[in-house]
Enquirer: 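Okay, handing you the structure first.
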Amino acid sequence: MTNQEFYMKLALQNARAQKGQTDPNPLVGSVIVNEGRIVGIGAHLKAGEPHAEIHALRMAGDKAIGGTIYVTLEPCSYHGGTGPCAEAIVQAGIKNAVIATLDPNPLVSGKGIEILEEAGINVQIGICEEESRRMNEVFNKFIVTKRPFVTMKAGSSLDGKIATHTMESKWITSDESRHDVHLLRNEYMAILVGINTVIRDNPALTARIPNGRNPVRVVLDSSLRIPLDSIVVTDGLAETWIFTSQSADREKENMLQSMGIEVFRTQGENKVDPSDVLEILGERDISSLLLEGGGTVHASFLERGLVDKVVLYFAPKLIGGQSAPTFLEGAGAETMKDVVDLVDTEIVKIGNDFKFIGYPVIK
Ligand SMILES: Nc1c(/N=C/[C@@H](O)[C@H](O)[C@H](O)COP(=O)(O)O)[nH]c(=O)[nH]c1=O
């Protein structure tokens, strides 16, 4: 590992530690080094608060003069909350800038670099670029498409079942895995389930970890079948947004709204189109969405190419049963050329379970 990679990885580590706090802003970290010593470290902590570079420059003070700044994302060039970082870096007397990746926002990409270079600062781009881009996979998608980054999550047996054929499902995966799921929920701004999951499991869908941030609970319910005494309707622990269709009962809609539940009537006569859901969530500045099933919902997003990432928790169990539900239902692939391929895959052990992560190839 080169010196530059060492300092950039330290900046990445500081950025990553803020996951779940900075939405809808990206995760950004910065380290300032002068004569072989770290003189400033910073991370963007919360949207609206100072950027990572500003924190690092404040810590470095005069020791920034003649130093090198490492930043995981191109310094901003527009007047955000604390003024443009690129100009602050110039004012502080920094001599070299090492940047992991350019800003994905086409409106500003490259402008920060220009300000640095015009001031005579040596700029190097691309150190740990892939790691930085993957860390901000949510921001990178949302800032360009204004649609949430969608992760499909399931907990299942080795044979892909999410319940027995008698619909028993508590629990398939281990406590450690389910704790990891709550860490995942904490990172996402919204979590989505189909109405069958609400009726069958009556889930809370909250992030039950210390200082956990509960995502907005999104329920696809085309004919407003949701029981009024469901936890997601009555617990008040997080917002619940229900997406329904034109044919849904108005009376039920009014009843839910009187209980503080937002109901979105999408354009479909009897169905809710996932694309409409993503468009509305994007308009409400939801930059990340976790799909928690069931299999029909997963299929409806996956077959439209709307899933950006797959996270599967497999327990070393075999459930079997032709009618036992799996985490992916729907019509399914006709031929092998229609299957969904996953790339950049990773498998980690969690207790006796293992967690699979992969990225669908969008055809
Ligand atoms: N049955 C299982 C899961 N089940 C996932 C969903 O079907 C549940 O309704 C949802 O996680 C319940 O949310 P809660 O009420 O907030 O706990 N998911 C898992 O990873 N492992 C399982 O063994």
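These numbers come from a predicted model, not from an experiment. As a basis for the values below, the full set of heavy atoms in this structure was taken, side chains included, without hydrogen atoms, waters or symmetry mates. Whatever order the structure lists them in is the order used to number ligands and atoms, beginning at 1.
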Enquirer: Polar-atom distance check: W171 versus ligand 1, any N or O pair below 3.5 Å?
Expert: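 Between W171 and ligand 1 (N or O atoms, distance only) the closest approach is not under 3.5 Å.
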Enquirer: Atom 22 (C) of ligand 1: which of D353, N196, V198, T173 has the nearest heavy atom?
Expert: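 It is T173 whose heavy atom sits nearest to atom 22 (C) of ligand 1.
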Enquirer: For atom 17 (O) of ligand 1, which protein heavy atom lies nearest, and how many Å away is it?
Expert: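 Looking only at protein heavy atoms, the one closest to atom 17 (O) of ligand 1 is R208 NH2, 2.7 Å.
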Enquirer: Only heavy atoms of P203, strictly under 4.0 Å: list the atoms of ligand 1 that pass.
Expert: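 With P203 as reference, the close atoms of ligand 1 come out as 9 (O), 12 (C), 13 (O), 15 (O).
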Enquirer: Do E262 and R284 meet the salt-bridge criterion of a basic N to acidic O distance under 4.0 Å?
Expert: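 A salt bridge links R284 with E262.
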Enquirer: Within the structure, does S169 bring an N/O atom to less than 3.5 angstrom of an N/O atom in ligand 1?
Expert: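 Between S169 and ligand 1 (N or O atoms, distance only) the closest approach is under 3.5 Å.
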Enquirer: Quick one, I226 and L256 - any side-chain contact, counting heavy atoms below 4.5 Å?
Expert: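 The answer is yes, as the side chains (C-beta and beyond) meet within the 4.5 Å cut-off.
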Enquirer: Regarding ligand 1, does R185 bring an N or O atom to under 3.5 Å of one of the ligand's N or O atoms?
Expert: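 Among all N and O atoms of R185, at least one is under 3.5 Å from an N or O of ligand 1.
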Enquirer: Out of curiosity, does L224 fall in the hydrophobic cluster containing V193 (side-chain heavy atoms, cut-off under 4.5 Å, transitive links)?
Expert: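 Linked, V193 and L224 end up in one cluster.
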Enquirer: Mark yes or no: R217 above the aromatic ring of W241, with NZ or CZ under 6.0 Å from the six-membered ring centre and no more than 45 degrees from the axis.
Expert: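 No.
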Enquirer: Drop me the distance from S132's OG to E137's CD, to the nearest 0.5 angstrom.
Expert: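 Rounded to the nearest 0.5 Å, the OG-CD separation comes out at 11.5 Å.
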Enquirer: Restricting to non-hydrogen atoms, name the atom on F6 and the atom on M1 that form the minimum distance, rounded to 0.1 Å.
Expert: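 Of all heavy-atom pairs spanning F6 and M1, the closest is CA-SD, 3.4 Å.
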Enquirer: For I172 and ligand 1, does the shortest N/O to N/O distance drop below 3.5 Å?
Expert: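 There is such a contact, yes.
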Enquirer: Do R134's NZ or CZ and the ring of Y359 fall within the cation-pi criteria of under 6.0 Å and 45°?
Expert: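 So R134 does make the cation-pi contact.
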Enquirer: With under 30° as parallel and over 60° as perpendicular, where do the rings of F243 and F264 fit, or are they tilted in between?
Expert: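 The arrangement is parallel - the two ring planes meet at less than 30°.
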Enquirer: Does only the side chain of R217 get under 4.0 Å from ligand 1, or the backbone, or both, or neither? Count heavy atoms.
Expert: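 For R217, there is no contact with ligand 1 at all, from either part.
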Enquirer: Are any of the N or O atoms of A204 closer than 3.5 Å to those of ligand 1?
Expert: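 For ligand 1, there is an N or O atom that lies under 3.5 Å from one belonging to A204.
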Enquirer: Hey, does K153 come in under 3.5 Å of ligand 1, counting only N/O atoms on both sides?
Expert: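 In this structure, K153 places an N or O atom under 3.5 Å from an N or O of ligand 1.
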Enquirer: I need the atoms of ligand 1 closer than 4.0 Å to a non-hydrogen atom of L205, numbered in the order shown.
Expert: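 So the atoms of ligand 1 that pass are 14 (P), 16 (O).
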Enquirer: Nearest non-hydrogen contact with atom 8 (C) of ligand 1 belongs to which option: T197, D201, N202, D180?
Expert: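 It is D201 that holds the nearest heavy atom.
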Enquirer: Is the Y70 ring parallel, tilted or perpendicular to the Y7 ring (thresholds 30°, 60°)?
Expert: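 Tilted, since the angle between the ring planes falls between 30° and 60°.
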Enquirer: E292 heavy atoms, cut-off 4.0 Å: which ligand 1 atoms fall inside?
Expert: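 Those of ligand 1 that fall under 4.0 Å from E292 are 5 (C), 10 (C), 11 (O).
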